[in-house]
Amino acid sequence: MPAYSAKVMDHFMNPRNVGEIENPDGVGEVGNPVCGDMMTFYIKVQDNRLEDVKFKTFGCGAAIAVSSMVSEMAKGKTLDEAARITPKLVAEELEGLPKQKFHCSNLGAQALNKAIEDYRSKQKKVAGGKENERQKTRRR
Amino acid sequence: MPAYSAKVMDHFMNPRNVGEIENPDGVGEVGNPVCGDMMTFYIKVQDNRLEDVKFKTFGCGAAIAVSSMVSEMAKGKTLDEAARITPKLVAEELEGLPKQKFHCSNLGAQALNKAIEDYRSKQKKVAGGKENERQKTRRR
Amino acid sequence: MIKVYLDNASTTPILPAVKEAMLPYLGEDFGNPSCIHSWGDVAREAVETAREQVAQLIGGNIEEIVFTSSGTESNNFAIKGLALAQQNKGKHVVVSAIEHFSVLHSAKTLEKWGFELTLVPVDKYGVVDPDDVRKSLRKDTVLVSIMHANNEVGTLEPIREIARITREHGVVLHTDAVATAGTVPVDIKDLGVDALSLAGNQFYGPKGAGALWVKRGVRIMPLLDGGVQEGGRRAGTENVPAIVGLGKAAELAKADMTRRTEHIARLRDRLLKELPARIEHVVVTGHPQDRIPGNASFCIEFIEGESMLMLLNSQGVAVTSGSACTSRALLASHVLIAMGLSHEIAQGSLLFSFGIDNTSADVEHVLEVMPPIVERLRQMSPLYSKFIKASKGGK
Amino acid sequence: MIKVYLDNASTTPILPAVKEAMLPYLGEDFGNPSCIHSWGDVAREAVETAREQVAQLIGGNIEEIVFTSSGTESNNFAIKGLALAQQNKGKHVVVSAIEHFSVLHSAKTLEKWGFELTLVPVDKYGVVDPDDVRKSLRKDTVLVSIMHANNEVGTLEPIREIARITREHGVVLHTDAVATAGTVPVDIKDLGVDALSLAGNQFYGPKGAGALWVKRGVRIMPLLDGGVQEGGRRAGTENVPAIVGLGKAAELAKADMTRRTEHIARLRDRLLKELPARIEHVVVTGHPQDRIPGNASFCIEFIEGESMLMLLNSQGVAVTSGSACTSRALLASHVLIAMGLSHEIAQGSLLFSFGIDNTSADVEHVLEVMPPIVERLRQMSPLYSKFIKASKGGK
Ligand SMILES: Cc1ncc(COP(=O)(O)O)c(C=O)c1O
Ligand SMILES: Cc1ncc(COP(=O)(O)O)c(C=O)c1O
């Protein structure tokens, strides 16, 4: 292995929160197959908290482990707390990543943030527009 | 060893005809310590034949073996025959020499030839001059 | 746990007889071959025997063999040394787009040194068209290097035809035969090349010994300057045990080649046929027929290579993905891209490379563990879910 | 026949514990360290352990160690790689006149590539004057390389003082420590150098593994292009068994250095003192005190080295003459000539190099067989007869 920690191996072999959320409150997709990794994060928000987080990832062992770890770290946190999950924190929680895999932790944090942003931008539209009610109904 | 043949090793370990000849009929010295090898050949001529051949050599194993072989090949030959001892013949008699030692066989043949030339040039002087008698006496 | 080594393209196990041959030189016979004493003699004779064995393997003369430390060194030596030795004639070099990085990056270094470089393309099977080589030649071309077979997809290149062209034009031709020498018949006269790289750890010899064969009369500059070892072409105390091992491995390879090839190709053929039959969306890469016997290479769509390797490893199976072993992970193999595959598909490359120790049971094990691994990763893959949704008629 | 190996400067025997450590990697643990599976893991861990052991030996950091195939490769890599990496800053390089050919000829290759080269002289003991290094420095000097100790005459160089000067001038300093690392304490911080070469076969490790230590932040161009092994600084499949052996040898050398040095120096000192006492016209070469512990080097007047080696060998004694092992025979050692000896005297050079397996009996054997050998060759030598005649008052 590219010298992965036991924690990375655990999250790779037993990834938490794999999957999609039906009618998610936010979706964040980063990366692409050309650069080798692609992650999609789905979030469900309840009372400003991440009630559920799921992901799908195409990529190396580190990409999968990072996705799993990010999802676990984010779940239950408030949106503001979750937005403060940095690549460094993710790598630390995973007990380190090989140098050439640092970008995976970047991607993971980015994907989560994108999902949060997605949720927030939708919220803004909701607050400002009359589709308010229609959306609420659809999202429940 | 630099891949010396058994014959070379034999002539190196038991060199024939090492030494000097007192009052030689011809002396040939070639090489110098800068290039690594130096040979001095001494010859004694009787009835146009090499009655005795001796050498002193400073140099590598091949230089010593070549000197010994040349002395052995030359001994008993007529001057003309001896002058036809080529480096190639010497190397063949020694069952080959490593490439980087070819020059040793050149030196050996050269030294012998120089000694023969030395003898011949002295002879010319003798034939042409009046020191004829004095030289003869000294040389016997 | 079942352990199945199917990464013989990365390095092979060392044959017991090869190890045995090496041991004295790690013990009593530790001498330096350049030295003028009996320890030196023993070491020198061992090296010269190995040189004979390697020369025999490829049909060369002993003075034409230069020992190196690896296939990589042989290739660096060839590309840089042959080009530099001829730079007064011209500064243009031609290599194929699918060369091993040790050739490709050496050629790039030549570019930094003022040479011009032409990369010859390949078709979808990874085959170089000799005509493309012909077209690439210029007045100032001094070197062409085309590999004998590609290590990732196994495709054999038409070296004979290429050699005919380079000979016509008086251009030196090097071939990287690291993936073929000791595995399939390699004869330098038959191929018609001027220089050829090989490495012992590709045919059950040790790591640490390779060779470059350079045809008599072809000039080359040393890569390693220093003493006059290897006829002044490669300085440095010879790695005697590894060279002895390389020689022994060459001898055994020559003697046993047909049997080995048959055994290996039989196993490989089953995998090449069965894997795509058991798993959907699998692309076989490389040439359908003209490939080295041990190579079974695929791209598994929608998933990425490293994660497959890791899950296969958890099932005891050792394989490699694209050029994973020599490139920064995550970059898709330059070989597959040159063959026209998309990055997306190239990321899912997987190379099973068979060796003489493999058995039918190994193939069956792979055929058993692969489908669930692929399934599991596809379930995780956003690309796969997109594909499924798209094929169901959209989101 | 008594067999006495006194050529440890050419290569040392391999310690049984070193061989033992290597064996698994010639057997089951044959993996390629770059590979992503358990065979790769085992090999990679072994290489990283060795890296730690080598780093410890010289006080460096693990990421600063690059494994190579030999001292020669380390030196080529250092000289060419450090100079090329800095050529935008300047193209002037300084090395001493007594460097090993792997440094000297690398520097000459740089000259062909447009660099300028200054050779710093040495005194009669082979010592470089740091002030000469200072004077050689120019605005465009990018690299200085001075060996830590000379392998032929054993003289230790004032690297610390030289490092002070190069640091002042912001010039990169490399030292060839092949003759010292693993033999005497070598600490890169204490020396103050920027790069340092070493080789395992100089301290009871195997042939085929050396290392270059390059200080963090110092740029270097690869000599071997290709894969990303060794952090992209040295491509090619790692020679795992040899690297493991180098690591083990480094560990043992560090642990056992004082005892080894005392043992070796004691034997050496006796020979240094006794040989000139028993044979007339013998010159001790190298520095009287500042020399590596195993080195006893002489010039035996009026006779030539190779023939001495051959006769010594016939008495079971293995030694070397000047740079016989790495130079074309017959050329007098460039080291001795640089020290001011005449070609005539330099031709008679003889190097006895002691190792941990030598005993007092070995020295006594040498002292016994040497005088008749010298006598015999002198009787054959035209130089000697000239000398005798001259000292008797001429012909
Ligand atoms: C075709 C080819 N060339 C060169 C090499 C380089 O060999 P090494 O990494 O042993 O130096 C390889 C290695 O697998 C190869 O397959
Ligand atoms: C000082 C020094 N540098 C470099 C080398 C080159 O080492 P190798 O021939 O093992 O490559 C040697 C070899 O003895 C040496 O003594």
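Since the model is a prediction, treat every value here as computed from it, not as a measurement. Order of the sequence lines sets the chain letters (A, B, ...), proteins ahead of strands, with each chain counted from 1.
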Between [X] and [Y], is any pair of side-chain heavy atoms under 4.5 Å apart?
| X | Y | value |
| --- | --- | --- |
| A:Met9 | C:Met310 | yes |
| A:Thr57 | C:Ser381 | no |
| C:Tyr384 | A:Lys56 | no |
| A:Pro15 | C:Arg376 | yes |
| C:Glu344 | A:Asn32 | no |
| A:Glu20 | C:Ser385 | yes |

Give the minimum heavy-atom separation between [X] and [Y], together with the two atoms involved.
| X | Y | result |
| --- | --- | --- |
| C:Ser307 | A:Gly59 | OG-O, 3.1 Å |
| A:Val18 | C:Met380 | CG1-CG, 3.5 Å |
| A:Gly36 | C:Gln347 | CA-NE2, 3.1 Å |

| task | Under 4.5 Å heavy-atom distance to chain A, tell me which part of C:Phe302 shows up: side chain, backbone, both or neither. | result |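 Only the backbone of C:Phe302 comes within 4.5 Å of chain A.
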
| said: Given heavy-atom pairs under 4.5 angstrom as the criterion, report whether the side chain, backbone, both or neither of C:Ile337 touches chain A. | reply: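 Answer is neither: C:Ile337 stays 4.5 Å or more from chain A.
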
| Which one, C:Met308, C:Arg378, C:Lys386, leads in non-hydrogen pairs under 4.5 Å with chain A? |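 Looking at each option in turn, the highest pair count goes to C:Lys386.
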
| query | Are more than 12 heavy atoms from other residues, nucleotides or ligands located less than 6.0 Å from atom CD of A:Glu81? | reply |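 More than 12 within 6.0 Å, yes.
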
| query | Around C:Lys3, counting heavy atoms of other residues, nucleotides and ligands shown, do more than 12 lie under 6.0 Å from its NZ? | reply |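 Enclosed: over 12 neighbouring heavy atoms sit under 6.0 Å from NZ of C:Lys3.
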
| Backbone N/O of A:Gly61 and side chain of C:Glu306: donor-acceptor pair under 3.5 Å |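 The answer is yes, because a donor-acceptor pair under 3.5 Å joins these two groups.
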
| query | With no hydrogens and no angle check, is any side-chain donor or acceptor of C:Glu304 less than 3.5 Å from a backbone partner on A:Phe58? | reply |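 Side chain of C:Glu304 to backbone of A:Phe58, a donor-acceptor pair under 3.5 Å: no, none is there.
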
| Is chain C contacted by the side chain of A:Ala63, its backbone, both, or neither, given a heavy-atom distance below 4.5 Å? |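 It is neither, since no heavy atom gets under 4.5 Å.
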
